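Report on one structure; see the data block that follows.
Residue numbering restarts at 1 for every chain, and letters A, B, ... go by the order of the sequence lines. Keep in mind that what you see is a predicted model, and the values were worked out from it rather than measured.
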Amino acid sequence: MLDWSTLETWLTRIKTAALTALDTETTSLDPFAARLVGLSLATAPGQACYIPLGHAGPDTPAQLPLEAVLARLKPWLESDRHLKVGQNLKYDQHVFANHGIALAGIAHDTLLQSYVLESDKGHDLDQLASRHLGLATLAYADLCGKGAKQIGFEQVPVPLAAAYAAEDADISLRLHQTLFPRIEAEPGLARVYRDIEMPTREVLFKMERAGILIDADLLAQQSHELGQKILDLEQRAFALAGQPFNLGSPKQLAEILFAKLGLPVKKKTPGGAPSTDEEVLTELALDYPLPKLLLEHRSLAKLKSTYTDKLPRMINPATGRVHTHFSQATAVTGRLASSEPNLQNIPVRTEAGRRIRAAFVAPAGCSIVSADYSQVELRIMAHLSGDARLLEAFARGEDVHRATAAEIFGVAPEAVGPEQRRVAKTINFGLIYGMSAFGLARNLGLERSAAQTYIDRYFARYPGVARYMETIRAQAHRQGYVETVFGRRLMLPDIKSRNVGRRQGAERAAINAPMQGTAADLIKLAMVAVQNWLSAAQLKSRIVLQVHDELVLEVPDAELMQVRQQLPDLMAGVARLAVPLVVEVGAGPNWEAAH
DNA sequence: TAAGTCACG
DNA sequence: ACGTACGTGACTTAT
């Protein structure tokens, strides 16, 4: 579309359409760098258009001016009465935001429809078109190429771009017409889509937009210190090895450890090579000096390369903040995933790691507030299993690992020792993961028979949990899927596999998914409730991160008291389970101090 | 691009 | 007899 009269025709069309499919073409896949190259609309199958706005290749025809077109479309784009559908509209929402337009009226998203229906399958538009519509589409790589030779979309000739872009809008509309009725036909899925995923989509957009402030100077200082320590460890490792080698190469390291120094091989990698992972080095460190240095080196090198060196480079120069991408359709269990950078795996377990967390800071006049669900997956296990003893422990507010230890070891809770509590904690985690006696034995460093004895004692004391594990296995086999408390579904195609390993893997996933998935549902509901509260109360506090059972907010001083007080109740109140939900909250000048 | 390793819940 | 705790993302090396 290259003329105003056609645009006016389409404007009339989209103003009267019940639902319009919308898609943007841009200069970049990075939503913060992307500028509009064109946009496409579809109001009925086979009725779509493409408006080129920023093509710059040779032979580009005269295009309508970008700013004028956006100004004309702005009232429609920003209207919540004019309903839109698209594929991953969070991305398009960022693109429009880059041009000063607040996209509204997002009624549906085919990415999330696909995710709710089939979280275990791919969700690319191309895959969806092929799977659900039996259509082969033009692929992005066909237009732009890939790898080093890839060109920007603005270089794609307009006629080709128009065919591709208009097709995408058309496909998205057709997908909606196919997928949404399938969701509506299942009350559980409809609820997850309507009450959890669609509202969460909007919260995630705001979180990505907000970003988080990091102290780059502090991280640079840590990088320098880590660099010194790494160099020192390297020299000492060379001395012990009798030669220099690349400590970052598992292959070279294995050569030194097992061939040259003759240390015993403890286990093999899946590829058959002798493993040098943390578990192996920890065991070898009991008898030899070099593995201890290697462990220290590995841990510091990881912190430096992945965090202290990398995070400052991820600061967006325009905002001065780090903007992660939250993927809403990646994790099959319903969890979010964070990438570029991943802010859901910032170190916390070691002292050196926690210093990195201290570099996630609040701006002047604000605090970081962190609120996390306590023992949420175990509470969900209590709810799902209905086990009387476990429910009772949570109802009384007991230390659940201590209570478990008391049951397994047959002692009073006060008499439980630290080692007994540690064993009980490992068992509780194992239950959530669908453990075997072998897995528990390996984790606790025990004989398999000893681990089996613990498991037997656990199930004798918590028969409801034992019953639940069997029930969920049977259900997975019967239905081919399992569900969360809120109706999210995880398909388990491998549950019928003749391959024993795959089948058992699916059984473990069947045990884990309802717990991990229900926890994911709960915190998504919490994100929506918290954002609704902040918006309604016109507070300036912002949700900045979600880490599976934790929400991190940036809170102005004037709102700190109020947020600290209300946030835990709001999060704990999103659902009534058979056990209380408990939320712990903290505040401070940085993320580490807020814990 | 794959393999190995390791950061998180 | 078999392989062995759930779910992620990113870095480095080696091919």
Identify the residue among E283(A), E279(A), E278(A) that makes a salt bridge (Lys or Arg N to Asp or Glu O under 4.0 Å) with K266(A).
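Among the candidates, only E283(A) passes.
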
Residue closer to the 5' end of DNA chain C, R508(A) versus V500(A) (nearest nucleotide):
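Per heavy-atom nearest nucleotide, the more 5' residue is V500(A).
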
Looking at [X], I'd like to know whether one of its side-chain N or O atoms comes within less than 4.0 Å of OP1 or OP2 on [N].
X       : N       : answer
S275(A) : dT5(B)  : yes
S339(A) : dG9(C)  : no
N246(A) : dT12(C) : no
K310(A) : dC11(C) : yes
S249(A) : dA14(C) : yes
R349(A) : dG9(B)  : yes
K251(A) : dT15(C) : yes
T276(A) : dT5(B)  : yes

For the pair F205(A) and Y91(A), evaluate ring pair (Phe, Tyr, Trp, His ring centres under 6.0 Å) and give the outcome as yes or no after the intermediate values.
CA-CA 8 Å; F205(A) 168 75; Y91(A) 172 81; over 10 Å; no

Could you tell me if Q516(A) and E377(A) have a donor-acceptor pair between their side chains, going purely by distance under 3.5 Å?
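On atom types as modelled, these side chains do not qualify, holding no pair under 3.5 Å.
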
Side chains of Q452(A) and D456(A): any donor to acceptor distance under 3.5 Å?
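The answer is yes; a qualifying pair exists.
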
Where the side chain of T306(A) is defined as all heavy atoms beyond and including C-beta, which of dA5(C), dG4(B), dC11(C) is the nearest nucleotide?
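Nearest to the side-chain atoms of T306(A), counting from C-beta on, is dC11(C).
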
Of the nucleotides dC6(B), dC8(B), dT5(B), which one has an atom closest to the side chain of K302(A)?
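Among the listed nucleotides, the one closest to the side chain of K302(A) is dC6(B).
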
What does [X] touch in the nucleic acid at a heavy-atom separation under 4.0 angstrom: a base, only the sugar-phosphate, or nothing?
X       : value
V547(A) : sugar-phosphate
S436(A) : base
I511(A) : nothing
R298(A) : sugar-phosphate
T426(A) : base
G271(A) : sugar-phosphate
R335(A) : base
E377(A) : nothing
E278(A) : sugar-phosphate
N345(A) : base
E550(A) : nothing

Kindly state which residues belonging to residues 442-459 of chain A come within less than 4.0 angstrom of DNA chain C, counting heavy atoms of the residue only, listed by number.
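Within this stretch, R442(A), N443(A), R448(A) sit under 4.0 Å of the strand.
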
Side-chain (R503(A)) to main-chain (S497(A)) donor-acceptor, under 3.5 angstrom:
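Here the side-chain-to-backbone pair exists.
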
Return yes when atom CD of E447(A) has more than 12 non-hydrogen atoms of other residues, nucleotides or ligands closer than 6.0 Å, and no otherwise.
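Counting neighbours around CD of E447(A), 12 or fewer heavy atoms of other residues, nucleotides or ligands fall under 6.0 Å, so no.
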
Within a reach of under 6.0 Å around CZ of R502(A), are more than 12 heavy atoms found that belong to other residues, nucleotides or ligands?
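No, because the 6.0 Å sphere around CZ of R502(A) holds 12 heavy atoms or fewer from other groups.
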
Taking the same atom, C1', in dA7(B) and in dG3(C), what whole-Å distance lies between them?
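That atom pair is separated by 26 Å.
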
P gap between dA3(B) and dT4(C), integer Å
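The same atom, P, in both gives a distance of 15 Å.
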
When both hydrogen-bonding distances must be under 3.5 Å and the geometry is Watson-Crick or G-U wobble, what is dC11(C) paired with, if anything?
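By the stated definition (distances under 3.5 Å), dG4(B) pairs with dC11(C).
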
Knowing that exactly one of H325(A), H323(A), K90(A) qualifies, which makes a side-chain hydrogen bond (donor to acceptor under 3.5 Å, both in side chains) with E208(A)?
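With E208(A) as partner, H325(A), H323(A), K90(A) yield a single side-chain hydrogen bond (donor to acceptor under 3.5 Å, both in side chains), made by K90(A).
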
Suppose we call a contact any N or O donor and acceptor under 3.5 Å apart; does that hold for the side chain of Q516(A) and the base of dG7(C)?
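By the distance-only test, no, there is no pair.
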
I need the CD-P distance between Q375(A) and dG9(B), as an integer number of Å.
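Going from CD in Q375(A) over to P in dG9(B) covers 13 Å.
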
Using whole Å, report how far OH of Y307(A) lies from C1' of dT12(C).
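Distance, rounded to whole Å: 14 Å.
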
Between CG of D215(A) and CD of Q222(A), what distance do you get to the nearest 0.5 Å?
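Output value for this atom pair is 9.0 Å.
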
